[in-house]
Novice: 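Quick one: this structure, given as structure tokens, is what I'll be asking you about.
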Protein chains: 2
Amino acid sequence: MDAKMTFSAQLRMVVDNGSLENCPVRQVMQGIFGKWSTLLLLALAEKPYRFGELRRLVPDISQRMLTQTLRDLERDGYVYREVYPTKPPSVEYGLTELGYSMLKPLTGLVEWASGNFEAVKEARDKFDRAG
Amino acid sequence: MDAKMTFSAQLRMVVDNGSLENCPVRQVMQGIFGKWSTLLLLALAEKPYRFGELRRLVPDISQRMLTQTLRDLERDGYVYREVYPTKPPSVEYGLTELGYSMLKPLTGLVEWASGNFEAVKEARDKFDRAG
DNA sequence: ACCGATAGTTACGTGAAAGGAACCGCCATG
DNA sequence: CATGGCGGTTCCTTTCACGTAACTATCGGT
């Protein structure tokens with residue numbers, strides 16, 4: 001659906017629907033732009049992981065933020081959570097179809113960022129020097 | 001450059017480079033994910049606008065946030081700012097080449113969000129009902 | 001009896017981001 | 001002479017995302 005939209009059509013999607021607070025695009029994007037969301041989605045894109053594996057894979061994340069971010073991603077339907085009744089119980093996280101589908105445009109952005117951060121860095125330095 | 005990257009290669013881009021604080025991908029993405037950034041970039045994609053025109057186009061933004069967001073986008077090289085010595089002086093904002101280049105992957109995400117917010121909404125409702 | 005690993009939850013604190021309101025200089029118009 | 005539009009800046013407050021630390025429960029091993 002909506003295969004190609006003009007910029008102004010997209011703008012209207014973002015800006016309309018009454019107040020901006022209720023804007024559907026904003027509501028979806030906010031769930032993706034958390035500090036750890038992209039990182040975890042990329043990790044899970046490779047293969048499903050268990051909670052502890054994710055902790056070791058992303059050492060800077062706290063236990064609390066890992067739980068919370070995974071819950072948020074699960075709530076939005078990007079990630080599934082499966083509990084195996086082993087002892088001690090193990091919990092597997094992985095991407096849903098919706099998650100994979102969303103990851104495609106998201107990785108487009110990640111690739112752009114990793115390919116262009118030099119240009120952005122230069123722009124920043126130039127701007128700051130012009131001060 | 002980096003035409004195709006595996007997920008794990010992307011993950012390494014995000015997670016490596018020593019501490020996450022210095023991660024280049026994160027540094028670039030944070031400049032894009034502000035509350036008003038996407039909205040303004042989409043607006044400027046249509047055509048250059050003056051400060052006051054942008055205010056009227058995005059009525060919910062405060063003067064302060066409009067100035068600040070435009071400055072941030074200018075600093076990162078996505079937006080140019082041109083002052084015309086009319087009276088009173090008028091200031092035009094528009095996308096740079098870098099801005100247009102970044103907007104392509106970004107609109108991919110916006111299109112995904114506008115096409116799939118129903119699915120996300122359903123996932124949220126289902127999750128919340130399951131309690 | 002105690003320690004570590006599993007996968008969390010709860011309470012509390014903090015800094016960055018965002019919002020609100022007022023103020024600024026300049027000029028043109030009524 | 002003062003009012004309004006232009007393009008901001010400054011100060012103050014609030015909100016929220018994120019962080020730290022401690023606590024939970026169950027089981028296996030030593």
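Computed from heavy atoms alone, side chains included, the values below leave out hydrogens, waters and symmetry copies. Chain letters run A, B, ... following the sequence lines, proteins first and then strands; every chain starts at 1.
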Novice: Please report, rounded to the nearest Å, how far the P atom of C:dA16 is from the CH2 atom of B:Trp36.
Specialist: 22 Å
Novice: Measure from CG on A:Leu70 to C1' on C:dT9 and round the result to the nearest Å.
Specialist: 15 Å
Novice: So what does B:Arg55 touch, heavy atoms closer than 4.0 Å: a base, only the sugar-phosphate, or nothing?
Specialist: nothing
Novice: In whole angstroms, how far is the C1' atom of D:dA17 from the CZ atom of B:Arg26?
Specialist: 13 Å
Novice: Rounded off to whole Å, could you give me the CD-to-P distance for the A:Glu74 and C:dA7 pair?
Specialist: 15 Å
Novice: Do B:Arg64 and B:Gln68 get their side chains close enough for a donor-acceptor pair, meaning under 3.5 Å?
Specialist: yes
Novice: Mind calculating the distance between CZ (B:Phe33) and P (D:dC18) to the nearest angstrom?
Specialist: 12 Å
Novice: Using the side chain to side chain contact (heavy atoms under 4.5 Å, CB included) rule, pick out the option among B:Leu73, B:Leu95, B:Val79 that qualifies with B:Leu40.
Specialist: B:Leu73
Novice: Ignoring backbone atoms, test whether B:Arg81 places a side-chain nitrogen or oxygen under 4.0 Å from the OP1 or OP2 oxygen of D:dG8.
Specialist: yes
Novice: What is the distance, rounded to the nearest whole Å, between atom CG of B:Leu54 and atom P of D:dC6?
Specialist: 13 Å
Novice: If only side-chain N and O atoms of A:Tyr84 are considered, is one of them under 4.0 Å from the OP1 or OP2 phosphate oxygen of C:dA7?
Specialist: no
Novice: Take nucleotides 20-30 of chain D nucleotide by nucleotide from the 5' end and write B, S or -, depending on whether a protein heavy atom sits under 4.0 Å from the base, only from the sugar-phosphate, or from neither.
Specialist: B------SS--
Novice: Starting at atom CZ of A:Phe51, determine the distance to atom C1' of C:dA7, rounded to an integer number of angstrom.
Specialist: 6 Å
Novice: Which whole-number value in Å describes the distance from A:Leu40 CG to D:dC18 C1'?
Specialist: 14 Å
Novice: From the options D:dG7, C:dG19, D:dC18, select the nucleotide whose nearest atom is closest to the side chain of B:Ser90.
Specialist: D:dG7
Novice: Is B:Arg50 near enough to D:dC6 that one of its side-chain N or O atoms lies under 4.0 angstrom from OP1 or OP2?
Specialist: no
Novice: Between A:Glu82 and A:Tyr93, do the side chains contain a donor N or O and an acceptor N or O under 3.5 Å apart?
Specialist: no
Novice: I'd like to know if the side chain of A:Thr69 reaches the main chain of A:Trp36, judged simply by a donor and an acceptor atom lying under 3.5 Å from each other, with no hydrogens or angles considered.
Specialist: no
Novice: Within 45° of the axis and under 6.0 Å from the centre of the six-membered ring of B:Tyr100, does NZ or CZ of B:Lys104 qualify?
Specialist: no
Novice: Please determine, for the side chain of A:Arg71, which listed nucleotide (C:dT9, C:dA7, D:dG19) has the closest atom?
Specialist: C:dT9
Novice: May I have the step-by-step check of salt bridge (Lys or Arg N to Asp or Glu O under 4.0 Å) for A:Arg124 and A:Asp128, ending in yes or no?
Specialist: CA-CA 6 Å; A:Arg124 280 182 191 171; A:Asp128 292 347; over 6 Å; no
Novice: Between A:Tyr49 and C:dA7, does any side-chain N or O lie under 4.0 Å from OP1 or OP2?
Specialist: no
Novice: Does A:Glu97 CD have over 12 foreign heavy atoms under 6.0 Å away?
Specialist: no
